[in-house]
Protein chains: 2
Amino acid sequence: MLSPAPTAVSRQPATLKFIGGDTDELPGLDQRLAKALLRRIEAKEFVFAEGDPATHLYQVETGAVALYKVLCDGRRQVLGFAYPGDFIGLGAQDEHVVNAQAIKPTRLRCLPLSALSQIARQDPRLGFRLYEALASELAATRELLLTTGQRSACERLVAFLLALSRRNARKGQDPLAFDLPMTRTDIADFLGLTIETVSRTFTKLRTLGLIELPHASRVRLLDIERLKSMEGNEADAA
Amino acid sequence: MLSPAPTAVSRQPATLKFIGGDTDELPGLDQRLAKALLRRIEAKEFVFAEGDPATHLYQVETGAVALYKVLCDGRRQVLGFAYPGDFIGLGAQDEHVVNAQAIKPTRLRCLPLSALSQIARQDPRLGFRLYEALASELAATRELLLTTGQRSACERLVAFLLALSRRNARKGQDPLAFDLPMTRTDIADFLGLTIETVSRTFTKLRTLGLIELPHASRVRLLDIERLKSMEGNEADAA
DNA sequence: CGTCTATTTGAGATGCGTCAACCGTTGTGG
DNA sequence: CCACAACGGTTGACGCATCTCAAATAGACG
């Protein structure tokens, strides 16, 4: 787990040894999701807001969603981004404690929690799958905490880009060139920086010949090894 | 959830609506814990380290434990503190991804994951209790992320003190005067600051008449209302 | 083409980090 | 019982990374 993983739920298989059993595929859940209500929302629309009653579990089908919390004076901390395949709404109790807002036109599968309950009774492995998903999200959040708490602006942006690169590699997409679906403001609020610092750091990386920026929203990583060496690696390196 | 909650697992009851059922008390787990192996460790000893195989779930009985991650150059991010009643080792997959180190002499109940598995089979509510505990830990980590990413040094320290105060209130202890079991270094690495800044900020709060520091490790909150107003509140205030 | 928004760039201010010295407490050995 | 070392904490002076404020530029869209 090296990445600040800007994901709501990373999908790496994670075996719960004390339970045993393969929970990677759950026909019950997948069937339900395939039949579930499809919701289409525009960029900037909310999936749900802080304080809303938690009614559904959502899975992103296309698009992207930002999860964030805000302070009363408007300061905002983006906690993660959810991409296709990711679940949103996990770990909520009665009410959502974060905001989930689309950052581009998005299609969502909506699964009522009552249906989830039903599937869970039929197939107890669902509970462990949800547990794993939650554990992955916790791991990603801890990673981001390490990043915002300890790394410099440049290290933060590099870690962010490398996390996107790794995600693409996992999904079989190009790990060296990709679009950034989020604005500079979203990136800034994710990394605990200002948009000006994010922008300046992008140009610094470009000037150093480490990345290319064909458009503001598209990156190409030119020297991934040097980028990795700038990331501020974790200690164990196991 | 207003606090940066320096806890590994906060113990507030949290109902999983889509499951239903009261999971607050689990005779199976509690009986097992009571019989579980008791481990005593000194300050600075590890409960486990990053990369260790995950073998047990631990519950702090007395003392306190810090959870943290480190970068290869030694920078450290404390993710939380575990106090009596808190669980440690939740959400781990095969290997622990964080370090857990006692910050004072500590007694731990050690529950082998195999025993956990056994209890889970006997009583499926255990799975949901673990899910809830993990969700609480995620909520606390998100809170801390908001703090380190968006708040000033002063706001961070105030949020930290108020979180300890709230924890004491929940436990029926004095919310206005308490010991700080951790060092300034631990606090600094928790809040993403340096020890000098933490020390100066303590002094500033003392000078402003907001707190008293009889010893370095004891605080008394003199004007909790004003402290709350300095915390940088969250938006919803629901 | 014009407007609106997002992004970039610049100049200056500042909060926090760095480096260094000092202080108080604790524990240890003479 | 005292001397001293080790450690954690406090305070000061200074520098710098990042923030703030401001303006220019580039893209997107009607």
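In what follows, chains are A, B, ... by sequence order, proteins preceding strands, each numbered from 1.
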Checklist entry - Would you call B:R39-B:E45 a salt bridge at under 4.0 Å N-O? => result no
Next on the checklist: Reading DNA chain D from 5' onward, which residue's closest nucleotide shows up sooner: A:H215 or A:E196?
Outcome noted: A:E196
Checklist entry - Are the side chain of A:R75 and the backbone of B:G232 linked by a donor-acceptor contact shorter than 3.5 Å? => result no
Checklist entry - Considering only heavy atoms and no angle criterion, is a donor-acceptor pair shorter than 3.5 Å present between the side chain of B:R184 and the base of D:dT11? => result no
Checklist entry - Is a donor-acceptor pair below 3.5 Å formed from side chain A:R200 to base C:dG10, judging by atom type as modelled? => result yes
Which whole-number value in Å describes the distance from [X] [atom1] to [N] [atom2]?
X      : N      : atom1 : atom2 : value
B:R218 : D:dG9  : CZ    : C1'   : 18 Å
A:R156 : D:dA17 : CZ    : C1'   : 11 Å
B:Q150 : C:dG15 : CD    : P     : 17 Å
B:R151 : C:dG15 : CZ    : P     : 19 Å
A:D179 : C:dA6  : CG    : C1'   : 16 Å
B:L213 : C:dC23 : CG    : P     : 20 Å
A:I195 : D:dT25 : CD1   : P     : 18 Å
A:I103 : C:dA6  : CD1   : P     : 13 Å

Taking only the side-chain heavy atoms of [X] (C-beta and beyond), determine which of [options] contains the nearest atom.
X      : options                : result
A:L193 : C:dT9, D:dT10, D:dC19  : D:dC19
A:S152 : D:dT10, C:dT8, D:dT18  : D:dT18
A:T194 : D:dT20, D:dT11, C:dG17 : D:dT20
B:T197 : C:dC16, C:dT8, D:dG9   : C:dC16
A:R206 : D:dT18, D:dG9, C:dT9   : C:dT9

Checklist entry - Contact class for B:S199 (heavy atom, under 4.0 Å): base, sugar-phosphate, or nothing? => result base
Checklist entry - Between B:T185 and D:dG8, is there a side-chain N or O to OP1/OP2 distance below 4.0 Å? => result no
Checklist entry - Between D:dG8 and B:K44, is there an OP1 or OP2 to side-chain N/O distance shorter than 4.0 Å? => result yes
Next on the checklist: For the residue pair B:Y68 / B:Q77, report whether a side-chain donor-acceptor contact shorter than 3.5 Å exists.
Outcome noted: no
Checklist entry - Taking atom types as modelled, is there a side-chain donor on A:N168 or A:S165 under 3.5 Å from an acceptor on the other? => result no
Checklist entry - Is the distance between the ring centroids of B:F87 and B:Y58 under 6.0 Å? => result no
